[in-house]
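Right, one structure below, let's go through it.
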Amino acid sequence: QYKVGNQEILSNISFSVAENQKIGILGNNGSGKTTLLKILAGLLPNHDTVILGFGYFNSKKNKEDLKKIGCYFADEFPFLFDDVFHELLFPLENLNYPRDEILKKVRSLAHFFDVKYLLDKKTNDLTEEEKALVRLFLAILHQPEILLLDNPFSSMSPSFKKKVIQKLLLFLEEHPMTVIVATPNAEDILFTDYTYVLNQGEIVMRGDTLEILKEDVRLKKLGLSLPFMIDLSLMLQFYEVLDDVYLNMEDLVVKLWN
């Protein structure tokens with residue numbers, strides 16, 4: 001439970017996360033998603049439960065503990081430096097990584113995501129989707145055990161988001177970590193294993209992500225729209241054209257063609 005003054009933001013929240021599991025937290029704006037992630041990050045006090053209390057840039061925390069968590073909160077961590085390169089160096093310097101290891105991590109990550117050009121840009125010259133990507137880099141550079149992402153893809157175009165998610169999944173294969181992503185956009189949780197749906201501060205649905213997304217009637221009643229491919233698959237299932245749900249257009253076209 002979490003309150004601000006007399007207003008209850010979260011109520012009766014209880015869930016578990018397995019190591020290296022990818023979790024989706026789905027809900028409309030105001031449902032309590034960001035508050036929940038801030039509590040998990042140790043950015044907000046909570047006296048009802050024992051939680052993971054690490055904040056990303058909080059120098060008061062033990063630095064070995066800080067290495068275990070990465071956070072993406074766009075409104076919480078404004079850029080501190082004029083250029084991207086030094087912006088990315090700072091958190092690793094703050095965590096006492098050796099200089100040669102810092103340079104290697106920064107350059108290899110930019111290369112991995114095919115955005116080496118970003119290292120030469122000024123932070124004020126970044127597009128909104130480039131800013132989002134740099135903030136994602138800040139969260140994963142040190143390869144944390146737990147990654148908390150609050151609506152990380154909202155400012156990205158569909159093509160840019162698709163590329164980033166594909167690269168992120170490849171990165172997670174090489175560097176396994178537990179991921180919790182909160183978003184109002186059901187499309188942004190397609191890569192997760194398990195999803196919790198929040199409404200007015202309470203968990204109202206939980207289950208395997210694909211099974212949750214098949215609950216189109218319940219989700220629409222909560223004001224949540226389905227990803228296009230899920231919606232189309234369910235419609236084609238209804239008319240007995242398909243016997244399964246497809247997550248991408250390529251697989252769907254192959255199935256229909258055959």
Closest non-hydrogen contact found for Pro152 with Ala132 is O-CB, 3.9 Å
We want to know whether Ser31 and Asn199 form a side-chain donor-acceptor pair, criterion being a heavy-atom distance below 3.5 angstrom.
no
Thr123 and Lys131 have their tightest heavy-atom pair at O-CE, 4.1 Å
So, for Tyr72 and Ala139, which heavy atoms are closest and what is the spacing to 0.1 Å?
N-CB, 4.4 Å
Test side chain to side chain contact (heavy atoms under 4.5 Å, CB included) on Thr209 and Asp193 and set out the steps.
CA-CA 6 Å; Thr209 296; Asp193 309 308; 5.5 Å; no
May I ask you to test the Arg135-Phe79 pair for a side-chain heavy-atom distance under 4.5 Å?
yes
Minimum side-chain heavy-atom gap Leu219-Leu213 below 4.5 Å:
yes
Compare every heavy atom of Glu87 with every heavy atom of Leu80, then report the nearest pair and how far apart it is.
N-OE1, 2.8 Å
Please examine the side chains of Lys38 and Thr35, heavy atoms only from C-beta on, and report whether any two atoms are closer than 4.5 Å.
no
Side chain to side chain contact (heavy atoms under 4.5 Å, CB included) between His111 and Arg107, worked out
CA-CA 6 Å; His111 176 76; Arg107 289 169 178 156; over 6 Å; no
Could you list all the salt bridge (charged side-chain N to carboxylate O under 4.0 Å, His left out) pairs where at least one residue sits in residues 163-177, not counting sequence neighbours?
Asp114-Lys167
Can you pull out every salt bridge (charged side-chain N to carboxylate O under 4.0 Å, His left out) where at least one residue sits in residues 13-37? Sequence neighbours excluded, please.
none
For the CD1 atom of Ile25 and the CG atom of Leu149, what is their distance to the nearest 0.5 Å?
11.5 Å
Looking only at non-hydrogen atoms, find the nearest pair between Thr192 and Ile189 and report the distance.
OG1-O, 2.6 Å
For Thr127, check side chain to side chain contact (heavy atoms under 4.5 Å, CB included) against everything at least two apart and list the hits.
Glu129, Glu130
Hey, do the aromatic rings of Phe137 and Phe113 have their centres closer than 6.0 Å?
yes
Asp208 side chain to Leu210 main-chain N or O, any donor-acceptor pair under 3.5 Å?
no
Only one of Ile180, Ile69, Val17 passes side-chain contact (heavy atoms from CB on, under 4.5 Å) with Leu40, and that residue is Ile180
What I'd like to find out is whether the side chain of Pro184 reaches to under 4.5 Å of the side chain of Asn151, using heavy atoms alone.
yes
Relative to each other, are the rings of Phe191 and Phe153 parallel, tilted or perpendicular (30° and 60° limits)?
perpendicular
So which of Thr183, Leu37, Leu36, Val181 actually passes side-chain contact (heavy atoms from CB on, under 4.5 Å) with Asp150?
Leu37
Shortest non-hydrogen contact between Thr34 and Phe73, atoms and distance
O-CE2, 4.2 Å
Test item: Val197 and Glu202 side chains (from C-beta on) under 4.5 Å apart, heavy atoms:
no
Would you say Arg206 and Thr195 make side-chain contact, with heavy atoms under 4.5 Å?
no
Determine yes or no for a side-chain-to-main-chain donor-acceptor pair under 3.5 angstrom, with Asp83 supplying the side chain and Leu119 the backbone.
no
So, are Glu211 and Lys214 salt-bridged, with charged N and O less than 4.0 Å apart?
yes
Take Leu88 and Val134 through the side chain to side chain contact (heavy atoms under 4.5 Å, CB included) test and state the conclusion after the steps.
CA-CA 8 Å; Leu88 294 176; Val134 170; 4.1 Å; yes
Does any non-hydrogen side-chain atom of His142 lie less than 4.5 Å from one of Leu92?
yes
Check this for me: Gln200, atom CD, are more than 12 non-hydrogen atoms of other residues, nucleotides or ligands nearer than 6.0 Å?
no
Roughly how far apart are Thr178 OG1 and Gln21 CD, rounded to 0.5 Å?
8.0 Å
Are any non-hydrogen side-chain atoms of Leu222 and Leu26 less than 4.5 angstrom apart?
no
